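This report concerns only the one structure given below.
Since this is a predicted model, take the numbers as computed values, not measurements.
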Amino acid sequence: MSNGNAGRYDVTAISCGREQTLALLSNGKVIGWGSEGSGRVPSGEPEYCTTPAPTRAVEVISRETMRAVAAGYGVSLGVTSRREVTTWGAHGAGIDGKAGAVAAALPLPIAGLSSIRDVAAGEFQCAAIDDAGRLFTWGLDLDGALGRTAASFESPAARVDGLPALRDVAVGMGYMIALTQDRSVYAWGSNAAGQLGVGHLEPVDAPSRVTIPHRVNAIAAGASHALALTSDGRVLAWGSNNHGQLGREMPAYSTTPVTVELPERAQMIDAGMYFSAAVGNSGRVYAWGWNHHGQVGVADEEDRRRPTLVEGLATVRAIAVGQAHVAALAHDGLYGWGSNAAGQIGSAAKEQHRPHLLLATRELRAHG
């Protein structure tokens, strides 16, 4: 994004959660916008409907630098330079399996995890992958969402057996999907809308393979639908389609993967609560599904059941989708659109139907 000394403050990764947006900088610092999980310290003052949402990013105060981040539903996770996991924000399932909600502005360590390279966060469940590709999960053990037998309802981090070595994991609302190093997909947990993609609507309490006759490069999990990006640039979707998040008019849900018809091959995907997004090989962004907060990036709030071009962006190199907002890292800065109830896209407006600049290179220098 910049040249010279400012280059060390480049954004290297982004993640969006319920009402927070995180940006990982090349120097290992993390900055955030929004409410719980952004790193913002609660003021303790009463909130009034006329109080404007904060528009500036804050730095997540950590004793260690980070190498990966994940924003969930009020909770955020980080992988430190020592390959350990920390968490901050409000975690409805407690931290490290401890019961009760925890509101933390400063990152706290998660016990029992080491040599971690990536993390994923949901509402009540979290996951981590270590350097060997082994998966560890923690949180509430509902409908088999942890993929293993848990010793307690609020389970601390423990390994999930029965999986090949993993490349990636995504956490939805009470379910998870995983991408193996050999490019196959597994899923487990809640399945009322077919979001596991295994051909039925029953919950699954252990990893079950999703039949996809293509090598998969990336996965994404929404509230009750999932996406996969194949090695040849096709996007597949399954689960709930109540807002068109599968990229088609009908049916109301699909228990197996269906193809999303995009104008071009895709290189990146992500999923929000009831909507989806993809970045084409051209660097253009497409979104579809639920649009109540303008998160599809068009001038109205009507749902889109077909992929729709998000105008005003060029050469996007990373995308992250939250509950009802989106962040995209383009050649000239970090952009956001959709819901802004907590300032998660850095604007004074409650919502932005078009991409809005969160952070330009000159602003980024000040956070160094």
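Under the 4.5 Å side-chain heavy-atom criterion for Ile, Leu, Val, Met, Phe, Trp and Tyr, Ile116 and Val160 are members of distinct hydrophobic clusters. Under the 4.5 Å side-chain heavy-atom criterion for Ile, Leu, Val, Met, Phe, Trp and Tyr, Ile319 and Tyr286 are members of distinct hydrophobic clusters. A single hydrophobic cluster is not seen to contain both Leu140 and Tyr175; linkage of ILVMFWY side chains at heavy-atom distances under 4.5 Å, directly or through other members, places them apart. Under the 4.5 Å side-chain heavy-atom criterion for grouping Ile, Leu, Val, Met, Phe, Trp and Tyr, Phe124 is not connected to Val171 through any hydrophobic cluster. Transitive grouping of hydrophobic side chains (ILVMFWY, heavy atoms separated by less than 4.5 Å) keeps Val216 and Leu227 in distinct clusters.
Closest heavy-atom contact between Asn291 and Glu302: ND2-O, 3.0 Å. The two residues Leu357 and Gly333 make their nearest non-hydrogen contact at CD1-CA, 4.1 Å. Heavy atoms only, all atoms of each residue included: Gly247 and Pro307 are closest at O-CD, 4.3 Å. Residues Leu77 and Ala127 come closest through the heavy atom pair CD1-O, 4.3 Å. Shown here for Leu313 and Ala328, the closest heavy-atom pair between the two residues is CD1-CB, 4.2 Å. Met66 and Ser62 make their closest contact through CE-OG, 3.7 Å (heavy atoms, listed as atom of the first residue, atom of the second, distance).
Summarising the geometry, atom CG belonging to Leu146 is positioned 10.0 Å from atom CG belonging to Leu135; distances are rounded to the nearest 0.5 Å. Note: Leu201 CG to Leu196 CG = 9.5 Å, rounded to the nearest 0.5 Å. Put simply, CD on Gln344 and SG on Cys16 are 8.5 Å apart, with the number rounded to the nearest 0.5 Å. Separation of atoms OG (Ser339) and CD (Glu19) is listed at 6.0 Å; rounding is to 0.5 Å. Taking CG of Leu236 as the reference point, atom OG of Ser254 lies at 10.5 Å (rounded to 0.5 Å). Between the OG1 atom in Thr180 and the CG atom in Leu166 there is a gap of 7.0 Å [rounded to 0.5 Å].
Within the structure, side chain to side chain donor-acceptor pair (under 3.5 Å) contacts touching residues 265-277 (residues at least two apart or in different chains) are His225-Ser276.
Neither side chain, Thr259 nor Arg234, offers a donor N or O lying under 3.5 Å from an acceptor on the other. Checking Arg317 against His331 by side-chain atom types alone, no donor-acceptor pair falls below 3.5 Å. Between the side chains of His325 and Thr21, a donor-acceptor pair is found at a separation under 3.5 Å. Checked by atom type, the side-chain pair Tyr253/Gln195 shows no donor-acceptor distance below 3.5 Å. Ser282 and Arg284 are linked by a side-chain donor-acceptor pair at a separation below 3.5 angstrom, with hydrogens and angles left out of the test.
With hydrogens and angles ignored, the 3.5 Å screen pairs no side-chain donor or acceptor of His243 with any backbone N or O of Gln245. At distances below 3.5 Å, not a single donor-acceptor pair connects side-chain atoms of His353 with backbone N or O atoms of Glu301. Side chain of Thr87 to backbone of Leu108: no donor-acceptor contact under 3.5 angstrom is found.
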inquiry  = Walk me through whether Ser76 and Gln20 qualify under side-chain hydrogen bond (donor to acceptor under 3.5 Å, both in side chains).
reply    = CA-CA 9 Å; Ser76 294; Gln20 82 268 41; 3.0 Å; yes
request  = Begin with the C-alpha distance, continue with both residues' side-chain angles, and end with the deciding distance and a verdict on side chain to side chain contact (heavy atoms under 4.5 Å, CB included) for Thr86 and Trp88.
outcome  = CA-CA 7 Å; Thr86 60; Trp88 63 96; 3.8 Å; yes
key: Pair Arg248-Asn241, side-chain hydrogen bond (donor to acceptor under 3.5 Å, both in side chains): steps then yes or no   = CA-CA 8 Å; Arg248 56 184 59 209; Asn241 193 39; over 6 Å; no
inquiry  = Pair Val198, His200 - check side chain to side chain contact (heavy atoms under 4.5 Å, CB included), show working.
reply    = CA-CA 6 Å; Val198 292; His200 59 74; 3.5 Å; yes
request  = Take Asp130 and Arg117, measure what salt bridge (charged side-chain N to carboxylate O under 4.0 Å, His left out) needs, and give me the verdict at the end.
outcome  = CA-CA 5 Å; Asp130 70 6; Arg117 62 173 169 80; over 6 Å; no
message = Before you tell me yes or no, could you show the steps for Arg215 and Thr230 under side-chain hydrogen bond (donor to acceptor under 3.5 Å, both in side chains), namely the whole-Å CA-CA distance, both residues' side-chain angles and the distance that decides it to 0.1 Å?
response = CA-CA 6 Å; Arg215 287 168 59 85; Thr230 66; over 6 Å; no
task = Start with the C-alpha distance between Arg82 and Ser114, add both sets of side-chain angles, then the distance that settles side-chain hydrogen bond (donor to acceptor under 3.5 Å, both in side chains), and finish with yes or no.
result = CA-CA 8 Å; Arg82 296 192 297 174; Ser114 61; over 6 Å; no
ask   = Between Asn340 and Lys350, is a side chain to side chain contact (heavy atoms under 4.5 Å, CB included) present by the stated rule, with each step listed?
value = CA-CA 5 Å; Asn340 194 46; Lys350 185 178 180 181; 5.7 Å; no
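Contact annotation: the side chain of Val298 approaches that of Arg304 to within less than 4.5 Å [non-hydrogen atoms, C-beta and beyond]. Looking at Ser208 and Trp188, their side chains never come closer than 4.5 Å, going by heavy atoms from C-beta outward. Counting only heavy atoms from C-beta outward, the side chains of Val321 and Phe275 approach each other to under 4.5 Å. Between Leu179 and Val169, every side-chain heavy-atom pair lies at or beyond the 4.5 Å cut-off. Residues Arg18 and Glu36 are in side-chain contact: their nearest non-hydrogen atoms beyond the backbone lie under 4.5 Å apart. Side chains of Trp337 and Glu351 form no contact here, defined as non-hydrogen atoms less than 4.5 Å apart. Here the side chains of Val285 and Leu309 are not in contact, with every heavy-atom distance at 4.5 Å or above. Using a 4.5 Å cut-off on side-chain heavy atoms (C-beta onward), Ile219 and Val185 make contact.
Partners of His293 according to the ring pair (Phe, Tyr, Trp, His ring centres under 6.0 Å) rule, which considers only residues two or more places apart in sequence or in another chain, are Trp290.
Each of Leu24, Leu359, Leu334 was evaluated against Ile31; a single residue qualifies, Leu359, per the side-chain contact (heavy atoms from CB on, under 4.5 Å) test.
Taking a cutoff of 4.0 Å between a charged side-chain nitrogen and a carboxylate oxygen, Arg306 and Glu261 do not qualify as a salt bridge. For the pair Asp161 and Arg159, the salt-bridge criterion is met [side-chain N within less than 4.0 Å of a carboxylate O].
Environment of CG in Asp143: crowded, with over 12 heavy atoms of neighbouring residues, nucleotides or ligands closer than 6.0 Å. More than 12 heavy atoms of other residues, nucleotides or ligands sit less than 6.0 Å from atom CZ of Arg354.
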